[in-house]
There are 2 protein chains.
Amino acid sequence: MAGPSAAVFAPLYRQIRDLLVARLDAGEWKPGELIPSEIELAARFHVSQGTVRKAVDELAAENLLVRRQGKGTFVASHHEPRAQFRFLRLTPDVGDTEPAQSRFLECQRVRPPVDIASRLGLAASESAVFIRRLLLMRGKPVVLDEIWLPGAQFKGLTADRLRAYHGPLYGLFETEFGTHMIRADERLRAVAADAAAAGQLGVEPGAPLLLVERTSYTYGERAVEVRRGLCVTTDYHYWNTLV
Amino acid sequence: MAGPSAAVFAPLYRQIRDLLVARLDAGEWKPGELIPSEIELAARFHVSQGTVRKAVDELAAENLLVRRQGKGTFVASHHEPRAQFRFLRLTPDVGDTEPAQSRFLECQRVRPPVDIASRLGLAASESAVFIRRLLLMRGKPVVLDEIWLPGAQFKGLTADRLRAYHGPLYGLFETEFGTHMIRADERLRAVAADAAAAGQLGVEPGAPLLLVERTSYTYGERAVEVRRGLCVTTDYHYWNTLV
DNA sequence: TAGTGGTCTAGACCACATA
DNA sequence: ATGTGGTCTAGACCACTAG
């Protein structure tokens, strides 16, 4: 409930953590880059190395930073192999997960529906980029995605640009638009396929589909993507771990 | 891939962690109970308090232990309010989550299907307890669960005993059968309701349902429950956070 | 060889709960 | 007043990486 800087009194290590996030947000260190060593950060913030360590530990646990022994601490990037499947929970029932292939059907600037606009924190006058794409796995359509992005942040995003890019979508967003997704909330339900979706996905109208509604956030809990995906779950499933 | 004790060479704090888990598994400290203080554990294991602290930190992060400042560290229990909804990801679209009501339809000793038996690590000769129950929220059926448990561990579990108990199922398992669930894997897919499920859940046959297949584990990564739930997701959704 | 993160320790002090 | 966990520090040593 409380905003990012609601807690005024916080332990030192958490204040350091927040300072580091602010630096990341400001782009002082970009995804994939090395951040200063713990000793250097300790000197800069006038705290002990142990306090910096605890701050960095938290950020590493949240996947904002990646520690590599002997090399240093790096800003997490969606281009790294280990991050590839972090936001893709759809897995084949048998065999290993392989990279999916995207087929972009549509990419336009639109006035977003009110519910989408409010989730993105857009004013009534602001536009959004709307993307429709089909995700293919093993050559077959598996997910039909509708994606909304804040227009101001994603100026110049076109279908051609999407098609020219190869790799994970969040990698493109990170590199070309300076927007790094760090967290996402998802809501899942089962729905019946309408005629349009059925056609795209190659199933019968009325067939059960898994609807995944996602809101993605960047540094500072700012929502920057709303996604609505319809998934065929006959040979794939959505996996999750409860701890 | 690697078993619980595959890593022979491990940092001290991890060895301490594993020792603590072994003690929990052995029932030395039961759910809800206070474990010895950090200083006492440090003395017992001949390490510094800082090392014990790091071991306990890990177990607290995994929800095996609960720290309470000024009071001590306690073994996590499914009876605590904070644990109530940890394994229930189905939430109403509007309004707050309320405790669900169980209606037990069936409880028998059975020879489990081979896939269930293998997931529970049961030999061909071993039996299982099979439970069917309906979960009601706001007075309406929302989930139809089928649950399999290892027969040997759940001797004496009957429909009457289930009906007599009020509270979360995992609380009963913990208190009456000494089995504490600490983790669960889930696989989700959308399926069409068959006639039987449709009747129980009050939906049309063929209606889309969310199928949740769960395997639950106790200390030491031992699978002790397989669950297959069919959920009506018209007014409820399954929520998840990707980090 | 030098620099990085990873582990372990010891001790001081703070915040909270209980008697 | 006492005991608990929570924070912060300082320093030693280890393990890994790279020039």
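Just so it is clear, the model here is predicted, and its values are computed rather than measured. Throughout, a chain's letter reflects where its sequence line sits, starting with A, and its residues are numbered from 1.
One interatomic measurement links the two molecules: CZ of Phe45(B) to P of dT7(C), which rounds to 19 Å at whole-angstrom precision. Distance CZ (Phe9(A)) to P (dT7(D)): 16 Å, rounded to an integer number of Å. The separation between Ile16(B) atom CD1 and dT7(C) atom P is 14 Å, rounded to whole Å. Separating the CG atom of Leu41(A) from the C1' atom of dG3(C) is a distance of 15 Å, rounded to the nearest angstrom. Here the C1' atom of nucleotide dC13(C) and the OH atom of Tyr13(A) are 16 Å apart, to the nearest Å. Across the protein-nucleic acid pair, Ile39(B) atom CD1 and dT9(C) atom P stand 15 Å apart, rounded to whole Å.
For Arg138(B), the salt bridge (charged side-chain N to carboxylate O under 4.0 Å, His left out) criterion is met by Glu98(B), not counting sequence neighbours. Taking the salt bridge (charged side-chain N to carboxylate O under 4.0 Å, His left out) definition, one finds that Asp93(A) meets it with Arg189(B), sequence neighbours left out. Partners of Phe154(B) according to the ring pair (Phe, Tyr, Trp, His ring centres under 6.0 Å) rule, which considers only residues two or more places apart in sequence or in another chain, are Phe173(B), Phe177(B). Residues passing the salt bridge (charged side-chain N to carboxylate O under 4.0 Å, His left out) test with Arg133(A), sequence neighbours excluded: Asp145(A). Phe87(A) meets the ring pair (Phe, Tyr, Trp, His ring centres under 6.0 Å) test with His78(A), Tyr170(A); sequence neighbours excluded. For Phe45(B), the ring pair (Phe, Tyr, Trp, His ring centres under 6.0 Å) test picks out no residue, with sequence neighbours left out. For Phe85(B), there are no ring pair (Phe, Tyr, Trp, His ring centres under 6.0 Å) partners at least two apart in sequence or on another chain.
Of the possible donor and acceptor atoms, none in the side chain of Thr233(B) sits under 3.5 Å from a partner among the backbone N and O of Tyr236(B).
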Report, one pair per line, the protein and nucleotides 17-19 of chain D atoms (nitrogen or oxygen only) whose separation is under 3.5 Å.
from, atom 1, to, atom 2, distance (Å)
dA18(D), OP1, Lys71(A), NZ, 3.4

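Side-chain nitrogen and oxygen atoms of Arg68(B) include none within less than 4.0 Å of the OP1 or OP2 phosphate oxygen of dG5(D). OP1 or OP2 of dG6(D) sits under 4.0 Å from a side-chain N or O of Arg67(B).
Stretches of at least 3 consecutive Watson-Crick or G-U wobble pairs, with each checked distance under 3.5 Å, appear in DNA chain D as C:1-18 with D:1-18.
Between dG5(D), dG5(C), dC8(D), one nucleotide has an atom nearer to the side chain of Leu12(A) than all others, and that is dC8(D).
Residues of residues 23-38 of chain B having a heavy atom closer than 4.0 Å to DNA chain C: none are found. Of all the residues in residues 47-57 of chain B, Arg53(B) reach under 4.0 Å from DNA chain D with at least one non-hydrogen atom.
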For salt bridge (Lys or Arg N to Asp or Glu O under 4.0 Å), just list the numbers for Glu174(A) and Lys30(A), CA-CA rounded to whole Å, side-chain angles, deciding distance to a tenth of an Å, and then say yes or no.
CA-CA 9 Å; Glu174(A) 170 185 308; Lys30(A) 303 226 177 303; over 6 Å; no

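Trp239(A) does not carry Arg187(B) over the face of its six-membered ring by the limits of under 6.0 Å from the centre and within 45° of the normal. Within the cation-pi definition used here (under 6.0 Å to the ring centroid, within 45° of the axis), Arg183(A) qualifies as a partner of Tyr217(A).
Salt-bridge formation is detected for the pair Arg161(B)/Glu176(B): a Lys NZ or Arg NE/NH1/NH2 atom is positioned less than 4.0 Å from an Asp or Glu carboxylate oxygen. For Glu28(B) and Arg44(B), the salt-bridge test passes: some basic side-chain N is under 4.0 Å from an acidic carboxylate O.
Screening residues 45-65 of chain A for salt bridge (Lys or Arg N to Asp or Glu O under 4.0 Å), with sequence neighbours left out, gives Arg14(A)-Glu58(A), Arg17(A)-Glu62(A), Glu38(A)-Arg53(A), Asp57(A)-Arg67(A).
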